[in-house]
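Atoms within each ligand, like the ligands themselves, are counted from 1 in listed order.
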Amino acid sequence: MDKKNNSKFVVEGNLTDFERIKGDSNYLRGTIDQDLKKTLTNGFTGDNFYLIRFHGMYQQDDRDIRSERLEQKLEPKYAMMLRCRLPGGVITTDQWIKINDFAINYTFYKTIRLTNRQTFQLHGIFKHNLKQAHQMLHEINLDSLATANDVNRNVICTSNPNESNVSHQVYELSKIISQHLLPKTKAYAEIWLDKKKIFTTEDDEPLLSKFYLPRKFKISIVVPPYNDVDIHANDMSLITILDSKNNIIGFNLLVGGGLSFEHNNKLTWPGISQEVGFVLYKDIISVVESVVTIQRDWGDRTNRKQAKTRYTLHRVGLKYFKKEIEKRSNTILLPIKKYHFISRGDRFHWIKGTNQKWNYTLFIPNGRIKNTHNFKLQSALYEIAQTYHGNFKITANQNLIISDVKEKYKKNIINIIKKYGLSNSISYIRQNSMACVSFPTCPLAMAEAERMLENFVTKLELILIDNKMFQEYIVVRVTGCPNGCARALLAEIALVGKSPGKYNLYIGGNRIGTRIPTLYEENVTESEILNKLSKLIQVWSVKRNLKESFGDFVIRIGIVKEIINPSSEFWSKK
Ligand code: SRM
Ligand code: SF4
């Protein structure tokens, strides 16, 4: 471990096996290359099962057919999910065409899945096609390094279209930060791109160490008043502060967000990040680096359930954490500057950027790019990508912005949008709903999420219509297990999977994503949930203050108690 790491805040004790796996891996190589040659299994063996995650892949199997294959004494239908690194979510239309071709020709599911961290995943790549996948990415200047496991993940930033230079600047910053924190190992190039083996020394990972980080680490950059990245789901967030001429002067630094918990494990809780201080633009990289190295050194490597930054911050205290940032970055953190948020969602209409080009945000149901019998979304996007040379921007709400469209192409794109019915009206509640992937690919899924959201929202729409509230929205999110990938624990209504068909229901988050909702009902079915919500929405429609949101209402009239300090209050009864 790092030589400077002798602070009183280092957690002593037996390290988890993950630390051994990383330390023994020869900078993430393991024996992945040997597993690639084995044809007897479609999976990876031993430590490689975890090591491939550092390279941006997860081994999965189709859970819909798992028991059937078991009965037939067949290996589970192993295939990899690959997650691209795409800081800020921008992909050119030319890159999109290549990705789509690969998805159609070489993946089991033939879909592209936009994620809520502004990138895309390809599900169902068989082991023998993996190298081809990485080489295809490399040809189009992309990679999947460090999109999973104990490293800094895809850096996300406000994706609202280029109304000012600011969004372009934060996008550039997200790329710089991503690059700065990227593992330096050559393992990725050697294994996937057939680059010559380069023998490594202890200095190979000067920033991350050969043990990398204690756990995943997430960064967001936001431009108020839109909290479209959900800052509180991130270990570190930078809130952009502008002067009166719209120039960036610096960033408010927030640390310690993160949403995962474990059912019935009271030592785990979702957290709202804490304000640390204001950082001048010129100091931002050294401050970002300091936060990461503090977490590297002080994060708990003896217990993965306590390893994320919010637990480190909770144990160490904001005062010491801040002091250490200042010490390591040689910077004085100034008092937090004023900021406020008004919403989280995307804006679904044409917006002209300061670059005089057009941007149109498309609602993508669950972020899933596929063709169905009556909705040919995948074909539509392919046609759009072939129509102009520009960018697609993936938002942190799993949507897609057709971006940087020159005036002369706008009409063609409008025609394609119409032809495929992409702009058919979407209710406000649907626009503000989100589900994680869950079944059939996620190995951790306890209940359906992506596959149940559409119908669930349709039923909520009917409840809103019955109460003359159809023009209103509620932020609704469904997550297949308490890991919280759909960021349900920042929603006004949150369903968290417990077992097939059963969820815990949380209510009382707010529209801007700064409050954790409170447990309202435990272990309930979808129809029980709809029953409960129907009653609550009816009361809300009658008794709410002018324009009062659902989440604020249930807190104000005391249906649930507001959670102010999640670390101590998340588990207390409503
Ligand atoms: Fe997640 C694990 C999908 C955003 C918290 N997440 C997983 C895995 C890889 C399951 C696994 O470990 O085997 C899921 C893959 C399912 C599949 O088949 O695709 C998965 N997570 C997703 C995505 C695709 C959800 C989506 O529908 O968009 C998101 C991919 C983001 C990306 O591009 O990097 C995704 N995951 C999140 C978020 C939200 C966010 O980051 O804004 C969270 C909550 C915030 C946080 O980190 O606290 C999140 N995912 C987790 C966790 C819990 C981590 C923890 O702190 O304990 C796990 C499990 C783990 O890491 O052990 C997890
Ligand atoms: Fe899988 Fe759970 Fe994440 Fe949903 S929340 S994608 S079920 S890990």
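N252 and E275 share no donor-acceptor pair across their side chains, judged by distance under 3.5 Å alone.
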Give every donor-acceptor pair under 3.5 Å between a side-chain atom in residues 120-129 and any protein atom, sequence neighbours left out.
| from | atom 1 | to | atom 2 | distance (Å) |
| --- | --- | --- | --- | --- |
| Q121 | OE1 | R83 | NE | 2.8 |
| Q121 | OE1 | R83 | NH2 | 3.1 |
| Q121 | NE2 | H123 | NE2 | 3.3 |
| H123 | ND1 | R368 | NH1 | 3.4 |
| K127 | NZ | D35 | O | 2.7 |
| K127 | NZ | K38 | O | 2.8 |
| K127 | NZ | T41 | O | 3.0 |
| K127 | NZ | G43 | O | 3.3 |

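P365 places a side-chain heavy atom less than 4.5 Å from the side chain of F375.
For N391, the side chain to side chain donor-acceptor pair (under 3.5 Å) partners are D404, not counting sequence neighbours.
Tested against D235 for a salt bridge (charged side-chain N to carboxylate O under 4.0 Å, His left out), the candidates R153, K218, K308 yield a single pass: K308. Evaluated for a ring-ring contact (aromatic ring centres under 6.0 Å, His included) with F54, the options F18, Y188, Y212 yield exactly one hit, Y212.
Sparse packing is recorded around OH of Y50, with 12 or fewer heavy atoms of other residues, nucleotides or ligands lying under 6.0 Å away.
Both the sub-6.0 Å distance and the 45° axial angle are satisfied by R511 relative to the ring of Y473.
In this structure, Y311 has its ring center closer than 6.0 angstrom to the ring center of W269.
Taking distances strictly below 2.8 Å, the protein N/O/S atoms close to atom 1 (Fe) of ligand 2 are C442 SG.
Without hydrogens or angle criteria, N399 side chain to I364 main chain gives a donor-acceptor distance under 3.5 Å.
For ligand 2, the atoms lying closer than 4.0 Å to a non-hydrogen atom of G484 are 5 (S).
Contact residues of ligand 1 (protein heavy atom closer than 4.0 angstrom to a ligand atom; sorted by chain and number): Y58, Q60, M81, R83, R113, T115, N116, R117, T119, Q121, H123, R215, K216, K218, A233, G258, L259, S260, K308, Q398, A435, C436, V437, T441, C442, P443, L444, N483, G484, C485, R487.
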